[in-house]
Amino acid sequence: MELLSFVFASLYQFGDAFAFLVLAACGLAVIFGMMGVINLAHGEFIMCGAYVTVFAVRAGVPLPLAILCGSLFAGVVGIILERLVVQKLYTRPLDSILATWGVSLIASQGTLILFGPTMQGVGTPLGSFSVGGLSYSYYRLVLIAAAILVLVLLYLVFNKTRFGVLARATIQVPHMANALGVDTRRVYALTFGIGAALAGLTGGLYAPTMTLVPTMGSTFIMEAFVTVVVGGSDVFLGTAPAAALLAVIKAGLTSWQGQLFGQVGLLIAVIIVIRLLPKGITGFILKDRT
């Protein structure tokens, strides 16, 4: 019985860490991994989704629809940001870093002024269950399922739909796609919006699990960047294996020595991967295929 309890606790911690890394990184993987834009406002899109979700729940909207509202709102904000700021910076990566960093500061400080330093969450739904005398949250299992579902939907959107084909063509060879009549500006805007919507979805999903603060995006952005860098440029080949690898490291070190060691382990892992696999897990997989 003790062995079963230990195994379940280990799998639960791994799944929880995996879900956090996948959900935090997917939006960034689309914007940074696919589009090459280093979006330092990624955490603020997550915050946006969380705040909108809480406001919607307080207005009487059921939690699943409130999460969808947060995701859609963040996506719309992302499209507007792409049109007004990012669109002119695709060939200027350093300028895109500065611009999105400025947007993140404006968003976090604006939220602080408008809504104060903290906002009460909506409470974790669904209750808990016990295994071997330890209590576990059902909602964490929902987050694990949501992470897997997001990966599947991303694969279907970018590999099985006309928009996905146009998006990959535009991002890989933009001048050729433009010559063939593809509205590349629209594709870039929608792709950026999808990445922002995924970030908003992450914020909405985790809003019931935490107290909302204007700087809550920083909780996610470090681990999101680490996952994307370890995974490499391909959101489908790299993100899931990178999240699985890093989840093992994080869950193991966190259960052994606490959360700080888990964070340090992630940073050490990305240093090692960059040294051994400069193009991440994606580069390693694609190299084996050639």
Side-chain angles (χ1 to χ4, degrees), residues 9-34 36-47 49-50 97 100-101 104 108 136-137 140-141 143-144 146-148 150-151 154 195 198-199 201-203 205-206 209-211 213 215-285:
S10 299
L11 290 175
Y12 184 87
Q13 289 181 331
F14 166 78
D16 188 32
F18 176 79
F20 185 89
L21 292 168
V22 167
L23 292 171
C26 273
L28 189 65
V30 171
I31 295 175
F32 176 45
M34 292 182 64
V37 176
I38 303 174
N39 178 28
L40 293 185
H42 179 71
E44 279 58 49
F45 285 124
I46 294 175
M47 175 198 69
I97 294 174
T100 55
W101 179 54
S104 73
S108 60
Y136 302 92
S137 170
R140 295 287 177 177
L141 300 180
L143 293 177
I144 296 170
I148 296 172
V150 165
L151 288 173
L154 271 179
L198 289 171
L201 176 65
T202 301
L205 286 169
Y206 278 95
T209 68
M210 60 180 62
T211 300
V213 296
T215 58
M216 63 178 292
S218 61
T219 306
F220 297 84
I221 194 166
M222 185 277 286
E223 298 188 20
F225 268 106
V226 166
T227 305
V228 172
V229 170
V230 171
S233 60
D234 194 303
V235 63
F236 313 110
L237 292 178
T239 302
L245 172 64
L246 295 175
V248 171
I249 296 172
K250 181 181 179 181
L253 291 178
T254 299
S255 62
W256 177 44
Q257 289 290 339
Q259 187 173 3
L260 178 61
F261 269 70
Q263 299 285 347
V264 172
L266 293 183
L267 296 177
I268 294 175
V270 73
I271 292 171
I272 294 173
V273 170
I274 290 175
R275 180 66 182 86
L276 300 178
L277 303 172
K279 295 184 179 180
I281 293 175
T282 295
F284 177 74
I285 294 175

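Bear in mind the structure is a predicted one, so any value in this text is a computation, not a measurement. Hydrogens, waters and symmetry mates are skipped; everything else that's a heavy atom, side chains included, is used.
Here the side chain of Tyr206 pairs no donor or acceptor atom with the backbone of Leu143 at under 3.5 angstrom. Formation of a donor-acceptor pair under 3.5 Å by the His42 side chain with backbone atoms of Ala24 is found in this model. Not one N or O on the side chain of Thr227 forms a donor-acceptor pair closer than 3.5 Å with the backbone of Ala243. Within the 3.5 Å criterion, the main-chain N or O of Ser108 finds no donor-acceptor partner in the side chain of Thr215. Thr100 places no side-chain N or O within 3.5 Å of a backbone atom of Asn39 that could act as its donor or acceptor partner.
Nearest heavy atoms, Ala41 versus Ser104: CA-CB, 3.9 Å. Counting all heavy atoms, side chain and backbone alike, Ala25 lies closest to Thr239 at CB-CG2, 4.4 Å. Heavy atoms only, all atoms of each residue included: Leu154 and Cys26 are closest at CD1-SG, 3.8 Å. Between Ala240 and Leu151 the shortest heavy-atom distance is CB-CD1, 3.8 Å. The two atoms that bring Leu266 and Val226 nearest to each other are O-CG1, 3.9 Å, heavy atoms only. Residues Ala9 and Tyr136 approach most closely at CB-OH, 3.2 Å, considering heavy atoms.
Taking CG of Asp16 as the start and CG of Leu11 as the end, the distance is 12.5 Å to the nearest 0.5 Å. Between Leu21 atom CG and Ile249 atom CD1 the span is 10.0 Å, to the nearest 0.5 Å. Atoms CD1 and CG, from Ile221 and Leu28 in turn, are 7.0 Å apart once rounded to the nearest 0.5 Å. Note: Leu205 CG to Phe20 CZ = 12.0 Å, rounded to the nearest 0.5 Å. Between the CD1 atom in Ile31 and the CG atom in Leu198 there is a gap of 8.5 Å [rounded to 0.5 Å].
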- Message: Test side chain to side chain contact (heavy atoms under 4.5 Å, CB included) on Leu267 and Met222; report intermediate values, then the result.
- Response: CA-CA 9 Å; Leu267 296 177; Met222 185 277 286; 3.7 Å; yes
Would Lys250 and Gln13 count as a side chain to side chain contact (heavy atoms under 4.5 Å, CB included) if you check the C-alpha gap in whole Å, the side-chain angles of each, and the deciding distance to 0.1 Å?
-> CA-CA 9 Å; Lys250 181 181 179 181; Gln13 289 181 331; over 6 Å; no
Test side chain to side chain contact (heavy atoms under 4.5 Å, CB included) applied to Val264 and Leu253, step by step = CA-CA 9 Å; Val264 172; Leu253 291 178; over 6 Å; no
Exercise. Please walk me through it: do Phe225 and Ile38 pass side chain to side chain contact (heavy atoms under 4.5 Å, CB included)?
Worked result: CA-CA 9 Å; Phe225 268 106; Ile38 303 174; 4.1 Å; yes
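Contact check for Val229 versus Val273: no side-chain heavy atoms found under the 4.5 Å cut-off. Side-chain contact between Arg140 and Thr209 is present, with heavy atoms from C-beta onward closer than 4.5 Å.
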